[in-house]
Amino acid sequence: MYRAAVLTVSDRVSRGERPDEGGPLVAELLKNAGYEVVRTDVVPDEQVQIEAALRQMSDGGDIQLLVTTGGTGFAPRDVTPEATLAVCDRLTPGIPEAMRYASMQITSRAMLSRAQAGIRKGTLILNLPGSPKAAQENLEAVLPAISHGLEMLSGRPADCAKLTD
């Protein structure tokens, strides 16, 4: 079982002006997929604070999957992708490409997503939209492949030639 964390990025949620709907939904989806969600947190749309949270959650070595929700759009304060790029050692562009592709089957607005995914040390960091509906659709689009990626990232034997889909 892999350990996961969920980071909600939202000014309004961090100030207590609205409830966090996306973070708990993502945590529940991960639990239902067999992940142990060991941490959830909320930060405002401040790049420095997002970067600090991403580093702190991923550098301990006990979280293999770190999922963010929020801050991936066009609004001036949507800086989650920039924070993710700043802390990652390697990018995994196929994951956000797959999310955008799956979402494009539902809405043309999916092309506006600036979500990123990358690896920091032994942790895969994945950005999801802030909308609970969009976060669910995006996560469900890539979740089946994520565990295979985590196997490879952890150094466990992973049969890349095996057909699984």
Side-chain angles (χ1 to χ4, degrees), residues 1-96 98-100 103 110 112-143 145-147 149-150 153-154:
M1 175 185 301
Y2 292 108
R3 289 177 302 280
V6 179
L7 179 66
T8 299
V9 180
S10 170
D11 286 333
R12 288 183 279 181
V13 172
S14 71
R15 290 191 301 255
E17 295 173 2
R18 80 168 193 208
D20 183 5
E21 296 175 0
L25 173 65
V26 169
E28 188 64 28
L29 292 168
L30 290 170
K31 288 176 189 174
N32 291 341
Y35 290 83
E36 179 187 3
V37 178
V38 296
R39 182 162 177 201
T40 61
D41 207 348
V42 177
V43 294
D45 290 283
E46 294 290 343
Q47 186 168 341
V48 172
Q49 290 180 317
I50 300 166
E51 287 179 26
L54 294 174
R55 284 187 186 100
Q56 197 276 331
M57 290 174 145
S58 60
D59 288 359
D62 64 336
I63 294 172
Q64 291 81 38
L65 178 61
L66 172 48
V67 180
T68 70
T69 178
T72 62
F74 279 24
R77 293 188 52 77
D78 287 344
V79 295
T80 304
E82 287 76 14
T84 300
L85 291 172
V87 304
C88 285
D89 304 316
R90 298 181 288 157
L91 298 181
T92 57
I95 296 171
M99 292 189 313
R100 281 187 281 274
S103 290
L112 302 177
S113 171
R114 298 181 321 104
Q116 295 290 328
I119 298 165
R120 178 176 175 85
K121 301 184 179 180
T123 302
L124 174 61
I125 300 172
L126 169 61
N127 300 156
L128 296 176
S131 153
K133 179 181 183 296
Q136 180 172 354
E137 292 166 355
N138 279 255
L139 184 58
E140 288 175 346
V142 297
L143 206 49
I146 296 290
S147 62
L150 294 177
L153 185 58
S154 72

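Hydrogens, waters and symmetry mates play no part in the numbers below; they use all other heavy atoms, side chains included.
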Acceptor/donor pairs from residues 124-135 side chains to any protein atom, 3.5 angstrom cut, sequence neighbours excluded:
| residue | atom | partner | partner atom | Å |
| --- | --- | --- | --- | --- |
| Asn127 | OD1 | Thr84 | OG1 | 3.4 |
| Asn127 | OD1 | Gln116 | N | 3.1 |
| Asn127 | ND2 | Thr68 | OG1 | 2.9 |
| Asn127 | ND2 | Thr84 | OG1 | 2.9 |
| Ser131 | OG | Lys133 | N | 3.4 |
| Ser131 | OG | Ala134 | N | 3.2 |
| Lys133 | NZ | Glu137 | OE2 | 2.5 |

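- We find the CG-CD1 distance between Leu7 and Ile50 to be 7.5 Å, quoted to the nearest 0.5 Å.
- Rounding to the nearest 0.5 Å places CG of Asp62 at 10.5 Å from CE of Met57.
- Checked against side chain to side chain contact (heavy atoms under 4.5 Å, CB included), Ala33 has the following partners two or more places apart in sequence or in another chain: Tyr35, Leu143.
- With Arg114 contributing its side chain and Gly73 its backbone, the two residues share a donor-acceptor pair below 3.5 Å.
- Among pairs with a residue in residues 16-35, those fulfilling salt bridge (Lys or Arg N to Asp or Glu O under 4.0 Å) read Arg15-Glu17, at least two apart in sequence or across chains.
- Residues satisfying the side chain to side chain contact (heavy atoms under 4.5 Å, CB included) criterion with Ala141, sequence neighbours excluded, are Ala102.
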Inset, instruction - For side chain to side chain contact (heavy atoms under 4.5 Å, CB included), just list the numbers for Asp78 and Asp45, CA-CA rounded to whole Å, side-chain angles, deciding distance to a tenth of an Å, and then say yes or no. - result: CA-CA 6 Å; Asp78 287 344; Asp45 290 283; 4.3 Å; yes
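- Contacts of Ala52 classified as side chain to side chain contact (heavy atoms under 4.5 Å, CB included), with partners at least two apart in sequence or in another chain: none.
- For the pair Thr80 (side chain) and Gly70 (backbone), a donor-acceptor distance under 3.5 Å is present.
- The side chain to side chain donor-acceptor pair (under 3.5 Å) search around Asp41 returns Arg39, not counting sequence neighbours.
- In this structure a side-chain-to-backbone donor-acceptor pair under 3.5 Å is present from Thr92 to Ala117.
- Residues that satisfy the side chain to side chain contact (heavy atoms under 4.5 Å, CB included) test with Glu51, not counting sequence neighbours, are Gln47, Arg55, Ala83, Ala86, Val87.
- Sorted by first and then second residue, the salt bridge (Lys or Arg N to Asp or Glu O under 4.0 Å) pairs with a member in residues 2-13 read Asp11-Arg77; sequence neighbours excluded.
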